[in-house]
2 protein chains.
Amino acid sequence: MTTISAVAKAAGVSVSTVSHVLNKTRYVSPEKVKLVMDTVEAIGYIPNALARSLKLSSTGTIGLVISAISNPYFSDIICAIEAECSKRGLIVFLCDTQDDPDRELELVQHLHQRRVDGIILAPSGDPKRSLDYLIEADLPCVLVDRLSDSRFDQVGTDNVAAIRMLVDHLVTLHHKRVGIILGQPGFATTVERMNAFRAAMTENGIEVPDDLISDSNNNTADATASTHRLLELTEPPTAILASNNLTMIGAMRAIRERGLRVPEDISVLGIDDFEWADYFEPRLTLIAQPCDEIGRKAADLLIERIGNKRRPRETIRLLPLLRVRESCGEAA
Amino acid sequence: MTTISAVAKAAGVSVSTVSHVLNKTRYVSPEKVKLVMDTVEAIGYIPNALARSLKLSSTGTIGLVISAISNPYFSDIICAIEAECSKRGLIVFLCDTQDDPDRELELVQHLHQRRVDGIILAPSGDPKRSLDYLIEADLPCVLVDRLSDSRFDQVGTDNVAAIRMLVDHLVTLHHKRVGIILGQPGFATTVERMNAFRAAMTENGIEVPDDLISDSNNNTADATASTHRLLELTEPPTAILASNNLTMIGAMRAIRERGLRVPEDISVLGIDDFEWADYFEPRLTLIAQPCDEIGRKAADLLIERIGNKRRPRETIRLLPLLRVRESCGEAA
DNA sequence: CATCGAAACGTTTGCGCAATCGTTTTTTCT
DNA sequence: AGAAAAAACGATTGCGCAAACGTTTCGATG
């Protein structure tokens with residue numbers, strides 16, 4: 001592997017001249033600049049970013065720690081973050097915690113060893129140890145999606161607004177018995193959406209019996225079971241609200257298994273838009289989370305914090321969009 | 001930031017003892033081991049992986065250069081690669097070329113500067129410069145999805161088999177006029193699938209007129225237009241084969257815009273399975289690519305190659321799965 | 001034509017670590 | 001008891017780089 005001193009020797013100049021030419025950190029005469037550049041080209045020199053980072057104690061890297069990268073919602077966020085970071089000359093370490101708090105802590109520590117400039121974290125269900133570590137290490141960090149700790153910058157969807165949009169839509173269509181299929185246990189989003197649901201229904205003068213609120217669901221299979229349970233009630237709901245994309249898949253499965261038609265027999269709506277939702281039946285009425293903006297804002301905030309560790313914390317709640325399609329009809 | 005010599009000083013031992021304790025690279029007496037470990041804990045020492053990598057000239061990182069991470073197909077592959085690498089103690093730099101060859105080259109060079117141990121690349125439409133660079137730099141690399149260069153290890157779907165499965169299915173259902181909506185121009189997969197389609201049809205004694213083969217399509221909008229064109233033919237196809245997930249969305253859009261029913265008015269099938277395909281209408285008959293296995297194999301191969309740069313190249317074609325659902329019916 | 005200052009470049013250090021080379025202490029064997 | 005071998009650890013170097021510090025050269029000025 002060629003080094004800066006190999007270039008210096010070949011060009012007959014000092015290492016500092018080469019360094020300064022490459023980094024444009026001080027004036028060097030045009031002839032020497034050309035000489036150095038030609039030599040770099042000739043011997044195929046590629047700077048060693050490790051040595052550079054060691055010296056500068058800054059790596060130009062950030063860690064992206066996601067609780068489940070297979071989830072399309074996170075894919076969109078990852079995509080936006082990568083794009084934004086790339087634009088700023090940063091490069092991203094991608095890690096998947098699989099929602100395991102132990103793994104999460106390990107990954108955070110690992111990234112710290114690698115001296116990332118900062119971390120964007122979608123916290124697991126029990127992120128306390130990781131978060132404490134990040135604070136302790138004074139490592140710049142912004143939380144996305146599941147906002148649970150005011151010691152950090154945070155970016156996510158305004159879940160209260162999202163649920164309210166859905167409930168308003170339901171109310172407009174005269175639904176009074178609405179079942180909600182909740183997401184994973186422990187997640188801030190799950191709790192937020194449940195509470196927002198209760199609150200929004202109450203605001204509209206509708207009582208929510210406990211049996212219309214499912215248990216939390218770890219996966220689509222759980223969500224299917226939960227949906228079946230709601231549909232078996234003596235007085236079943238006229239509409240089902242799936243609180244994320246996984247639960248929606250699960251709910252649709254249950255509905256299909258029972259041979260129910262949407263929206264004729266039951267209305268369905270939920271959170272997390274799908275790209276194909278316009279072209280397949282039932283055409284789902286969904287909340288589209290602003291993934292792009294979440295990703296961009298998260299990267300922005302992180303870069304700000306890296307630049308100034310003592311700036312005040314920010315929590316940003318972005319407004320989602322309700323895409324009304326056809327899966328939620330008038331209540332019977 | 002604490003260093004190894006700070007630990008040494010605090011513990012009253014030499015830096016080499018600390019290093020050897022941490023890396024278990026030579027015998028150290030149990031008392032000193034405990035002393036060192038306690039001190040590490042006490043002062044909160046975190047090894048600097050940059051310095052370590054600089055010394056060892058190996059980083060434990062790989063670059064994952066994908067042409068479009070927003071594509072769910074690639075999401076699945078990314079997920080599998082991350083999982084496999086994580087299992088092996090490697091960490092992944094994720095980059096998106098956005099199918100831009102210039103960007104692709106830049107990213108490859110950037111990763112080289114960062115001294116990644118190797119790269120997994122989903123090549124853009126015109127990857128020559130990047131590939132030449134990788135060869136020149138002697139950087140371990142495996143290609144995924146678009147296999148186009150025998151100088152590298154490669155892993156992808158057996159597209160010939162995939163198309164043959166679809167064509168066999170079509171033939172069984174007596175389709176003779178089948179239109180194909182092709183993917184992006186320049187991609188190896190696009191060419192492979194087109195040729196395989198021609199070959200498989202011919203094998204079945206079916207002639208394929210040129211007007212049933214769409215132009216290549218850069219995005220869903222293009223695919224929609226192409227589908228409209230096929231459907232406007234004086235003798236339109238009885239079935240549409242969408243050669244990937246993007247073109248499928250585009251094709252379904254066109255079909256919906258014309259008010260056609262699937263499969264009653266037209267049959268549809270294609271490549272790239274969707275998680276929700278079982279629960280929405282029309283239930284698409286699709287080829288499921290073995291994304292998991294592709295990701296795992298790619299990581300495997302890369303690790304092998306990193307271990308031994310002179311081992312023979314391998315090209316692995318993995319068999320996909322046909323999921324027969326209901327979108328492809330009997331020909332009229 | 002000395003002097004001074006700026007222009008242009010070179011020498012060297014230290015970032016944090018692994019590991020080579022070396023030293024000291026203890027044990028073993030005759 | 002003395003020598004040799006083994007056990008346990010320490011001093012130092014070099015990985016490749018940025019930049020602080022130092023040196024040389026040369027033109028301008030009084």
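Between A/Glu293 and A/Arg296 there is no salt bridge, since no side-chain N of the basic residue sits under 4.0 Å from a carboxylate O of the acidic one. A salt bridge is defined here as a Lys NZ or Arg NE, NH1 or NH2 lying under 4.0 Å from an Asp or Glu carboxylate O, and A/Asp102 with A/Arg129 meets this definition. Using a 4.0 Å cut-off between charged side-chain N and carboxylate O, B/Lys297 and B/Glu314 make no salt bridge.
Put simply, the side chain of A/Cys95 does not reach to within 4.5 Å of the side chain of A/Ile66, judged on heavy atoms. Considering only heavy atoms from C-beta on, B/Leu105 comes within 4.5 Å of B/Gln109 through its side chain. Side-chain contact between A/Phe93 and B/Thr61 is present, with at least one heavy-atom pair separated by less than 4.5 Å. Using a 4.5 Å heavy-atom threshold, the side chains of A/Val142 and A/Phe152 count as separate. Counting only heavy atoms from C-beta outward, the side chains of A/Asp76 and A/Asp292 never approach each other to under 4.5 Å.
Taking CG of A/Asp145 as the start and CD1 of A/Ile120 as the end, the distance is 13.0 Å to the nearest 0.5 Å. Atom CG of B/Leu301 sits about 9.0 Å away from atom OG1 of B/Thr315, to the nearest 0.5 Å. Here the CG atom belonging to B/Leu246 is positioned 6.5 Å from the CD atom belonging to B/Gln184, to the nearest 0.5 angstrom.
Using a 4.0 Å cutoff on non-hydrogen atoms, the parts of residues 44-57 of chain B near DNA chain D are B/Leu54, B/Lys55, ordered by number. Taken residue by residue, residues 107-116 of chain A places no heavy atom nearer than 4.0 Å to DNA chain C. Proximity of residues 5-18 of chain A to DNA chain D (heavy atom under 4.0 angstrom from any strand atom) is restricted to A/Ser16. Remark: nothing in residues 133-141 of chain A comes within less than 4.0 Å of DNA chain C through any heavy atom. For DNA chain C, no neighbouring residue in residues 27-43 of chain B is found when judged by any heavy atom under 4.0 Å.
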- Message: B/Asp300 vs B/Arg305, test: salt bridge (charged side-chain N to carboxylate O under 4.0 Å, His left out). Steps then yes/no.
- Response: CA-CA 9 Å; B/Asp300 276 355; B/Arg305 171 130 334 268; over 6 Å; no

- Query: Passes salt bridge (charged side-chain N to carboxylate O under 4.0 Å, His left out), B/Arg310 versus B/Asp138? Steps please.
  - Reply: CA-CA 10 Å; B/Arg310 300 301 155 221; B/Asp138 198 27; 3.0 Å; yes

- salt bridge (charged side-chain N to carboxylate O under 4.0 Å, His left out) evaluation trace for A/Lys87 with A/Glu82: CA-CA 8 Å; A/Lys87 209 184 295 172; A/Glu82 195 280 336; over 6 Å; no

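The C1' atoms of five pairs define one axis at each end of the helix from C/dC1-D/dG30 to C/dT30-D/dA1, and these two axes lie 50° apart (to 10°).
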- Scoring nucleotides 21-28 of chain D by protein non-hydrogen atoms under 4.0 Å (B base, S sugar-phosphate only, - none) yields B-------

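A/Tyr133 pairs by the ring-ring contact (aromatic ring centres under 6.0 Å, His included) definition with A/His112, not counting sequence neighbours. Remark: B/Ser16 pairs with B/Ser14 by the side-chain hydrogen bond (donor to acceptor under 3.5 Å, both in side chains) rule, at least two apart or across chains. A/Tyr45 meets the ring-ring contact (aromatic ring centres under 6.0 Å, His included) test with no other residue; sequence neighbours excluded. When the side-chain hydrogen bond (donor to acceptor under 3.5 Å, both in side chains) test is applied to A/Thr3, the partners found at least two apart in sequence or on another chain are A/Ser5.
Screening residues 19-37 of chain B for salt bridge (Lys or Arg N to Asp or Glu O under 4.0 Å) gives B/Lys34-B/Asp38 as the qualifying pairs, with residues at least two apart or on separate chains.
One side chain, B/Arg146 or B/Ser67, offers a donor N or O that lies under 3.5 Å from an acceptor on the other.
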